[in-house]
**Student:** 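Sharing a structure with you now.
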Protein chains: 2
Amino acid sequence: MTKLDRTDLKILQILQDEARITNQDLAERVSLSPSSCLQRVRRLESNGVISAYHAKVNLASVCRHVMCIATVTMKNHTREEFRAFEALINTIPEVVECVTVSGEFDFFLRIICPDMSSYLEINERLVSSVNYLVTINTHVVMNENKKFGAIDLSSLDEGG
Amino acid sequence: MTKLDRTDLKILQILQDEARITNQDLAERVSLSPSSCLQRVRRLESNGVISAYHAKVNLASVCRHVMCIATVTMKNHTREEFRAFEALINTIPEVVECVTVSGEFDFFLRIICPDMSSYLEINERLVSSVNYLVTINTHVVMNENKKFGAIDLSSLDEGG
DNA sequence: CTTGAAAAATTTAAGAA
DNA sequence: TTCTTAAATTTTTCAAG
């Protein structure tokens, strides 16, 4: 783990929300010269502190779609079945997120697909993956109240 | 809703994962001249098709933290209580995502905070918001199997 | 949409705090 | 080290076709 100083955190905070800011503007915002600002950004990139830059696309303007969140519970908690399920997930592009969790569920999935009938197909593939020893509950996203974008790094640093 | 042609979709697909690509390189990838490529990107931005550019920060390299997913069920499904809850969500930076869903739960929340004790504080604030007429179930994220980044636009267009 | 020139930004290198 | 300055390179931007 690299040590990050206050300036690095400022850079990260800005780039989280304005990833295409010019280096000159960024340098000014953090009170550095452009070259030393660039040096820090490059270091954050090569250290993996910044792992990627994403454009956020307003899907509604591209095409109709549905977003669902599915809770998944495996009947048998063997390593093999988990591995098999995770492997399957990675072959389905509509499954855009998968996390393993503690508690009554094993996974949360986020699935984005054109309509409910295509959702049902995906659901069937997921359920059949481990010989139907899997319970999936689906929740259609009706509204995105707060979207996952930037994280307030200061709320993490100072003990929330 | 703006009409998007094949080239726009290619641009969106690339920018989703490589938001800081230079316009020259982007132009080459989509077989356009730099100036007309830039024109398209600017149009996508001003139409809101591209809503933001985010740097993805590897939180583990910044500081210790926990990510939780919480399911929320309101006892009373009145508009006022929903509004109150949504308003509260927006005052808590550690709640980085909130969606309204159909099914047995009303909301899914994603919460990122320094540790479980700060999580408990946030939980208490959420529960007390509507006179404790709210049920929250917490799931600690143990592993991020597949992270939410780019969406395969072709899987949406062609009927999944 | 393309070309091509002007303006701006990025990147590199030399050297100071 | 990390920073700044300054020059060279590359990119962005805009006008004209």
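We use all heavy atoms of the structure for the numbers below, so side chains are in, but hydrogens, waters and symmetry mates are not. Proteins come first, then strands; the chains are lettered A, B, ... in the order of their sequence lines, and each starts at number 1.
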**Student:** Among Leu126(A), Val95(A), Val130(A), which one satisfies side-chain contact (heavy atoms from CB on, under 4.5 Å) with Leu88(A)?
**Tutor:**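 In the set Leu126(A), Val95(A), Val130(A), the residue that makes a side-chain contact (heavy atoms from CB on, under 4.5 Å) with Leu88(A) is Leu126(A).
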**Student:** May I ask whether Ile89(A) and Val134(A) are part of the same hydrophobic cluster, defined by side-chain heavy atoms of I, L, V, M, F, W, Y residues being less than 4.5 angstrom apart, directly or through others?
**Tutor:**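 Yes, one cluster joins them.
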**Student:** Between the protein and nucleotides 5-12 of chain C, list the N/O to N/O atom pairs that are separated by less than 3.5 angstrom.
**Tutor:**
residue : atom : partner  : partner atom : Å
dA9(C)  : OP2  : Gln24(A) : OE1          : 2.8
dT10(C) : OP1  : Asn23(A) : N            : 2.7
dT10(C) : OP2  : Asn23(A) : N            : 3.1
dT10(C) : OP2  : Gln24(A) : N            : 2.9
dT11(C) : OP1  : Arg42(A) : NH2          : 3.0
dT11(C) : OP2  : Arg42(A) : NH2          : 2.4

**Student:** Any donor-acceptor pair under 3.5 Å linking the side chain of Asp152(A) with the backbone of Pro93(B)?
**Tutor:**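 Checked: no pair found.
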**Student:** Over the length of the helix from dC1(C)-dG17(D) to dA17(C)-dT1(D), how much do the five-pair end axes diverge, rounded to 10 degrees?
**Tutor:**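 One end's axis against the other's: 40°.
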**Student:** In whole angstrom, give the distance that lies between atom CG of Asp5(A) and atom P of dT1(D).
**Tutor:**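 Atom-to-atom, Asp5(A) to dT1(D), this comes out as 15 Å.
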**Student:** Tell me: CD1 of Ile11(A) to C1' of dC3(D), nearest whole Å?
**Tutor:**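 Interatomic distance, CD1 of Ile11(A) to C1' of dC3(D): 13 Å.
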**Student:** Is there side-chain contact between Arg29(A) and Ile21(A), with at least one heavy-atom pair below 4.5 Å?
**Tutor:**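 Yes; the side chains approach each other to less than 4.5 Å.
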**Student:** Would you mind reporting whether Glu94(A) and Tyr119(A) have side-chain heavy atoms less than 4.5 Å apart?
**Tutor:**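 Of all side-chain heavy-atom pairs linking Glu94(A) with Tyr119(A), none is under 4.5 Å.
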**Student:** Which word best sums up how the rings of Phe108(A) and Phe108(B) line up, parallel for under 30°, tilted for 30 to 60°, or perpendicular for over 60°?
**Tutor:**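 The arrangement is perpendicular - the two ring planes meet at more than 60°.
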**Student:** Whole-Å distance between dT12(D) P and Glu45(B) CD?
**Tutor:**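 Going from CD in Glu45(B) over to P in dT12(D) covers 12 Å.
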**Student:** For the pair made of CG in Leu4(A) and P in dT2(D), what is the distance, rounded to whole Å?
**Tutor:**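 Going from CG in Leu4(A) over to P in dT2(D) covers 12 Å.
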**Student:** Mind checking whether Phe148(A) and Phe148(B) have ring centres under 6.0 Å apart?
**Tutor:**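 No, the ring centres sit 6.0 Å or more apart.
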**Student:** Could you check which of dT4(D), dC1(C), dC3(D) has an atom nearest any side-chain atom of Gln39(B)?
**Tutor:**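 Among the listed nucleotides, the one closest to the side chain of Gln39(B) is dC1(C).
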**Student:** Could you tell me if Asn76(A) and Thr78(A) have a donor-acceptor pair between their side chains, going purely by distance under 3.5 Å?
**Tutor:**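 Looking only at side-chain atoms, Asn76(A) and Thr78(A) do not form any donor-acceptor pair under 3.5 Å.
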